[in-house]
Protein chains: 4
Amino acid sequence: MPKISEAQRETRRQQILDAALVCFSRDGFHNTTTADIVRESGVSQGTLYLYFATKDDIVVAFADDRRQREMFLDAVAQSEQDPIQGLLALIELHGMSLRDAKRLDGRRVGVQAWAEALRNPRIHASVVEGLATVRATIERLIERAQAAGQIRPEVDPEGVSRTLVAVFHGMVLQVAWGEPLDLSACGPVIRGMIDGLLTAKGRQSIPA
Amino acid sequence: MPKISEAQRETRRQQILDAALVCFSRDGFHNTTTADIVRESGVSQGTLYLYFATKDDIVVAFADDRRQREMFLDAVAQSEQDPIQGLLALIELHGMSLRDAKRLDGRRVGVQAWAEALRNPRIHASVVEGLATVRATIERLIERAQAAGQIRPEVDPEGVSRTLVAVFHGMVLQVAWGEPLDLSACGPVIRGMIDGLLTAKGRQSIPA
Amino acid sequence: MPKISEAQRETRRQQILDAALVCFSRDGFHNTTTADIVRESGVSQGTLYLYFATKDDIVVAFADDRRQREMFLDAVAQSEQDPIQGLLALIELHGMSLRDAKRLDGRRVGVQAWAEALRNPRIHASVVEGLATVRATIERLIERAQAAGQIRPEVDPEGVSRTLVAVFHGMVLQVAWGEPLDLSACGPVIRGMIDGLLTAKGRQSIPA
Amino acid sequence: MPKISEAQRETRRQQILDAALVCFSRDGFHNTTTADIVRESGVSQGTLYLYFATKDDIVVAFADDRRQREMFLDAVAQSEQDPIQGLLALIELHGMSLRDAKRLDGRRVGVQAWAEALRNPRIHASVVEGLATVRATIERLIERAQAAGQIRPEVDPEGVSRTLVAVFHGMVLQVAWGEPLDLSACGPVIRGMIDGLLTAKGRQSIPA
DNA sequence: TATGAATGAGACTTCATTCAT
DNA sequence: AATGAATGAAGTCTCATTCAT
């Protein structure tokens with residue numbers, strides 16, 4: 001029987017992850033030492049390894065955590081009655097996320113995870129699955145809209161999903177770099193992209 | 001007083017950079033040792049330091065090299081008589097670059113540089129300047145198109161440039177990750193985005 | 001005040017020692033962690049330290065355990081009426097012990113204890129005392145045989161005891177290493193060594 | 001082209017091994033840190049790893065070194081005209097080696113290698129091969145003596161070789177433990193063992 | 001008594017950089 | 001200029017031991 005409850009264990013784990021997030025954001029994965037995380041989190045070296053088998057596992061934990069948020073996005077987008085509204089909601093949610101200063105550290109670590117994904121198979125898997133999840137969400141919305149006659153039938157759902165995800169990623173990069181990204185200026189451009197896919201009927205479902 | 005000619009020196013330098021590119025692409029910046037580069041390049045450990053003061057300088061050299069390509073893009077885009085054609089040419093050039101398998105290593109290293117830019121001031125400066133260069137190119141084209149009545153006056157050039165650059169970056173990510181990105185499916189979506197900016201007159205300048 | 005009986009305590013202690021024997025035999029003293037012993041024994045980390053003050057004490061416990069077996073050997077050997085028969089019985093007992101596959105773990109741990117004895121004073125003391133015990137047994141037999149005119153008076157009991165013990169130790173080594181030691185081939189050689197010590201009268205006491 | 005000569009490299013390597021021998025003899029393999037060897041040898045941590053890939057390789061180097069000495073023993077033993085003389089020479093050489101105080105560290109490390117051989121495959125291989133070498137030497141002498149009618153034909157060469165090697169090993173143990181081993185007292189016992197193998201003709205070849 | 005989570009000192013190894021040749 | 005052996009600081013991870021529950 002465990003001496004500490006599952007909740008206590010999870011709290012401790014999160015305490016370490018929170019500290020690691022600060023360190024990773026500030027110094028990068030590779031320039032963060034386990035000693036840094038220990039200092040920032042207040043747990044001991046030994047305890048760190050009671051919760052994560054290797055330093056690498058801490059990095060992977062971040063990549064995996066993000067997956068959950070993407071599941072949530074999907075649920076919100078699909079819950080919209082109108083698929084066009086669902087697409088716009090997705091775009092809106094991404095925008096809100098980008099504006100949220102509290103998530104800056106997470107974004108900075110996320111960008112590093114993108115680079116790590118190039119050579120770390122576990123992170124690659126996590127990133128690619130996340131990409132697939134978001135794309136599936138988008139493609140399902142588009143197919144629903146095509147079935148409803150709101151998006152032109154010749155539109156390729158994959159082309160749209162990949163382009164839209166590219167925009168999302170690219171915006172995260174700019175925000176992570178500290179660029180003064182004016183989302184209210186980009187929004188119309190992105191919505192214009194969606195607009196280009198619509199049939200006359202589709203346009204009617206967008207509120208002025 | 002140098003005993004070797006400037007040309008010899010440049011050849012040697014490039015030999016090191018070529019080797020480093022292979023290593024960085026394969027293992028990442030941080031998991032590449034100077035010994036790896038030495039092995040791959042055939043120069044000696046000592047010689048490496050005759051050409052680059054630190055390992056970090058090799059990384060920075062890649063970031064700086066990219067700047068030159070961006071200058072070239074600008075020249076091509078601006079040389080088009082019609083600014084709308086210039087925009088489309090820019091998009092086309094990026095697409096061709098993405099399709100070029102020979103540049104895969106460069107793209108993989110580029111993505112790593114994006115992550116490095118978060119904490120390495122020199123790389124950050126280089127990346128941000130590159131971003132500014134491309135954006136300036138796009139914004140100049142848009143402003144010219146607005147002056148010519150081809151793009152609606154209320155369009156915000158910065159919003160467009162940031163969004164377009166975001167798409168470019170996002171596509172690079174997907175290609176770097178090995179995603180089966182079908183550019184011919186994405187092209188129409190991106191061009192649709194441009195199309196949404198145009199006036200009736202602007203549309204006339206696009207060939208069928 | 002102990003809340004468990006002495007018998008329960010001894011059972012627990014033995015449970016730990018049995019587990020340690022398996023671990024030590026498999027991985028060696030130094031490559032066995034207390035966690036290994038905990039896993040193998042089923043007791044908890046904390047409990048381990050209720051029975052042994054340090055990991056080292058577990059090692060010492062093995063060395064001490066062996067002493068008891070050596071006492072037993074002495075009793076058997078001395079109980080023989082004829083000292084020559086006693087010597088041969090001693091040799092026979094060692095041979096039987098070596099043939100006993102159940103004692104393999106013990107032998108492997110014993111060999112490690114020999115190495116430990118070089119730098120661990122407690123183990124050194126234990127090993128050296130064990131050596132002295134066996135030698136005393138042998139020397140007493142020889143002296144009795146000399147008094148009875150069975151062994152030549154010029155034979156040095158210490159030379160014999162040291163040589164005989166050396167053979168015993170060396171055989172243990174070979175068996176521990178997994179060598180295919182044919183004891184029935186070695187027996188005659190060792191008995192021949194004893195034979196060389198005997199007087200004509202001594203030889204009469206050996207059965208054909 | 002290497003910057004240092006093979007001889008210089010070998011000197012350096014030996015310098016490390018000499019230091020390691022002192023440390024291993026004093027503290028044992030497992031209680032010797034690479035820092036200890038560095039301190040004792042005067043080379044730097046980094047240099048240590050220029051000559052030995054791991055700490056374990058240093059240990060293995062000792063085991064391998066011993067093999068060479070055993071080759072030498074073989075050569076000496078076989079060079080004797082009379083195989084009985086060869087056997088006695090072998091015993092004599094071992095005795096002389098045991099008496100040599102300068103080799104005490106080597107013996108102490110050797111005993112540790114015997115224990116290591118139980119779980120380290122490389123050391124096991126080295127030890128077992130050494131054992132086989134010495135045994136082969138002995139068995140060849142015995143077979144030659146049997147062919148010459150000096151040793152009784154029913155004597156099993158393997159039984160003799162294993163027993164004799166066991167005596168050698170056991171004596172090394174006693175000396176390593178610091179026991180006051182009087183070899184001149186043991187010599188007659190061992191020679192008596194050989195004597196027991198001989199035919200009348202064989203006995204003639206031994207000088208008084 | 002028994003537990004097992006927590007501790008932190010310390011081990012092995014790597015690697016960017018230097019410098020005598 | 002070129003070489004490559006040498007350096008030593010620093011990093012990740014382990015593990016014997018403790019102690020609050």
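Each chain gets a letter, A, B and so on, in the order its sequence line appears, and its residues count up from 1.
Scanning for side chain to side chain donor-acceptor pair (under 3.5 Å) contacts around D/D27 gives an empty result, with sequence neighbours left out. Applying the side chain to side chain donor-acceptor pair (under 3.5 Å) rule to D/S44 yields the partners D/T47; only residues at least two apart in sequence or on another chain are considered. With sequence neighbours left out, B/R66 forms a side chain to side chain donor-acceptor pair (under 3.5 Å) with no residue at all. By the side chain to side chain donor-acceptor pair (under 3.5 Å) test, D/S25 is found to be paired with D/D105, D/R108, residues two or more places apart in sequence or in another chain being considered.
Atom CD1 of D/I58 is separated from atom C1' of E/dA11 by 14 Å (rounded to the nearest Å). Across the protein-nucleic acid pair, D/D36 atom CG and E/dG10 atom P stand 12 Å apart, rounded to whole Å. One can place CG of A/L50 at 12 Å from P of F/dT14, the figure rounded to the nearest angstrom. Per the geometry, CD belonging to A/Q15 stands 16 Å off P belonging to E/dA5, to the nearest Å. Here E/dC15 presents its P atom at 20 Å from CZ of B/F52, a figure rounded to the nearest Å. In this structure, the CD atom of D/Q8 is 15 Å from the P atom of F/dG4, given to the nearest Å. When rounded to the nearest whole Å, the span between CG of B/D27 and C1' of E/dC15 equals 15 Å.
Side-chain contact check for D/Q8 versus D/R12: every heavy-atom pair is 4.5 Å or farther apart.
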**OP:** Using Watson-Crick or G-U wobble pairs with both distances under 3.5 Å, give me DNA chain F in dot-bracket, 5' to 3', with [ ] for crossers and | for pairs to another strand.
**Re:** .||||||||||||||||||||
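A salt bridge is absent between B/D64 and B/R122: the closest approach of a Lys/Arg side-chain nitrogen to an acidic carboxylate oxygen does not fall below 4.0 angstrom.
Shortest non-hydrogen contact noted between B/R119 and B/P121 is O-CD, 3.4 Å.
Contact annotation for C/R12: backbone-only contact, meaning every heavy-atom pair under 4.0 Å involves sugar-phosphate atoms and none involves a base.
Looking at B/E129 and B/H124, their side chains never bring a donor and an acceptor atom within 3.5 Å of each other. When only modelled atom types and interatomic distance are considered, B/E116 and A/H30 share no side-chain donor-acceptor pair under 3.5 Å.
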Subject >> Contact state string [nucleotides 15-21 of chain F, B base, S sugar-phosphate only, - no protein heavy atom under 4.0 Å] >> reply: BBBB-BB
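Residue C/Y51 is the one, among C/Y51 and A/V43, whose nearest nucleotide of DNA chain E lies closer to the 5' end (criterion: closest heavy atom).
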